Amino acid sequence: MSHVEILQLLVSPVHRLAGRPGAGLPELPHTDLVTAAEVRAGLGIVGDRYFNHPAHRNASITLMAVERLPQPGPEETDLLSTRRNVLLRGVDIDAFIGSTVFLDCGSGPVDLEVCRAARPCAWMDVTVGPGAQRALRGGGGVRCRPLTDGILSVGPAVFGVREGPRA
């Protein structure tokens with residue numbers, strides 16, 4: 001177990017980066033950033049665009065390490081730019097693909113199966129900055145399936161591994 005920090009949580013009711021980046025950047029409202037998010041086992045984050053969508057059941061929550069974010073411009077990159085759900089400090093979450101991990105913000109652990117990489121798309125070059133898509137390859141975060149109900153909240157948390165990668 002290790003101590004980490006949840007820096008940001010994003011719960012977006014709609015998929016805001018649809019279409020091609022050349023069409024222009026849509027509005028990315030700050031109301032999508034929340035201080036707490038309710039997680040439901042097998043379904044995702046309540047109120048999020050991927051909640052209870054059959055195609056996303058094994059990828060309904062995305063986590064990303066702030067240490068992997070490029071900082072090409074004067075603005076700090078955040079979840080509005082990357083469209084991931086959870087921004088962590090203190091753990092290289094990309095190294096845990098195939099594992100079952102947990103985050104405990106003080107109200108009990110939320111278990112997550114880390115299913116696969118969250119690959120960066122061309123939008124990253126628009127929202128984060130030129131070259132971000134390439135810079136985030138292998139470090140763009142992970143897509144997870146929630147195994148337990150619980151609450152994630154911004155602030156300190158405990159991170160641990162329940163089960164290592166599957167062979």
Side-chain angles (χ1 to χ4, degrees), residues 1-13 16-17 28-41 43-51 56 59-121 123-124 127-129 132-133 135-165:
M1 289 191 306
S2 61
H3 293 278
V4 299
E5 184 178 5
I6 296 178
L7 300 173
Q8 286 184 322
L9 293 167
L10 182 129
V11 179
S12 183
R16 300 201 189 277
L17 299 180
L28 302 174
H30 286 274
T31 55
D32 288 355
L33 295 174
V34 298
T35 57
E38 181 182 357
V39 176
R40 294 274 180 84
L43 301 175
I45 296 175
V46 175
D48 191 68
R49 64 204 178 278
Y50 295 127
F51 182 78
H56 294 283
S60 60
I61 298 178
T62 53
L63 284 73
M64 184 174 211
V66 71
E67 292 86 353
R68 295 285 195 128
L69 286 174
Q71 299 295 332
E75 296 292 318
E76 186 172 309
T77 302
D78 63 10
L79 293 182
L80 287 175
S81 304
T82 64
R83 307 308 293 165
R84 306 305 191 237
N85 296 115
V86 182
L87 185 60
L88 296 169
R89 173 179 282 137
V91 62
D92 183 10
I93 194 64
D94 293 272
F96 291 93
I97 294 172
S99 299
T100 299
V101 301
F102 70 87
L103 284 167
D104 188 341
C105 301
S107 60
V110 175
D111 289 8
L112 302 164
E113 178 183 359
V114 184
C115 296
R116 59 187 158 95
R119 291 183 172 75
C121 68
W123 276 104
M124 296 293 179
T127 61
V128 177
Q133 180 184 16
L136 287 169
R137 286 186 187 147
V142 294
R143 300 192 73 175
C144 302
R145 179 170 63 99
L147 302 175
T148 59
D149 293 349
I151 302 291
L152 295 176
S153 57
V154 171
V158 175
F159 172 85
V161 178
R162 298 256 191 246
E163 188 177 310

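All values reported here derive from a predicted model rather than from experimental measurement.
Between P146 and G44, the shortest heavy-atom contact is CG-N, 3.5 Å. Smallest separation of non-hydrogen atoms from R89 and L7: NH1-CD2, 3.5 Å.
Looking at D92 and E67, their side chains never come closer than 4.5 Å, going by heavy atoms from C-beta outward. Under the 4.5 Å side-chain criterion, counting only non-hydrogen atoms from C-beta, V142 is in contact with D94. The closest side-chain heavy-atom distance from L147 to T100 is below 4.5 Å. With contacts defined as side-chain heavy-atom distances shorter than 4.5 Å, the pair I61/L112 qualifies. With a 4.5 Å cut-off on side-chain heavy atoms, V11 and L33 do not count as touching. In this structure, the side chains of L9 and L152 come closer than 4.5 Å at one or more pairs of heavy atoms. No side-chain heavy atom of C115 sits less than 4.5 Å from a side-chain heavy atom of R143. A 4.5 Å side-chain heavy-atom check between L63 and N85 finds every atom pair outside the cut-off.
R84 contributes a side-chain N or O that, together with a main-chain N or O of A118, makes up a donor-acceptor pair within less than 3.5 Å. A donor-acceptor distance shorter than 3.5 angstrom exists from the side chain of D149 to the backbone of A41, with no hydrogens or angles considered. No donor-acceptor pair under 3.5 Å is formed between the side chain of D104 and the backbone N or O of V158.
Atoms CG and CG, on L10 and L87 in that order, are 10.5 Å from each other to the nearest 0.5 Å. Distance check, rounded to the nearest 0.5 Å: OH of Y50 to OG of S12 gives 9.0 Å. Annotation: the span from S153 atom OG to E38 atom CD amounts to 13.0 Å, rounded to 0.5 Å.
The cationic atom of R162 (NZ for Lys, CZ for Arg) lies less than 6.0 Å from the six-membered ring centre of F102 and within 45° of the ring axis.
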message = Evaluate C105 against I6 for side chain to side chain contact (heavy atoms under 4.5 Å, CB included), listing each step before the verdict.
response = CA-CA 9 Å; C105 301; I6 296 178; 3.5 Å; yes

query = Checking side chain to side chain contact (heavy atoms under 4.5 Å, CB included) for the pair I151/V39: CA distance, chi angles, key distance, verdict?
reply = CA-CA 6 Å; I151 302 291; V39 176; over 6 Å; no

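By the ring pair (Phe, Tyr, Trp, His ring centres under 6.0 Å) test, F96 is found to be paired with F159, residues two or more places apart in sequence or in another chain being considered.
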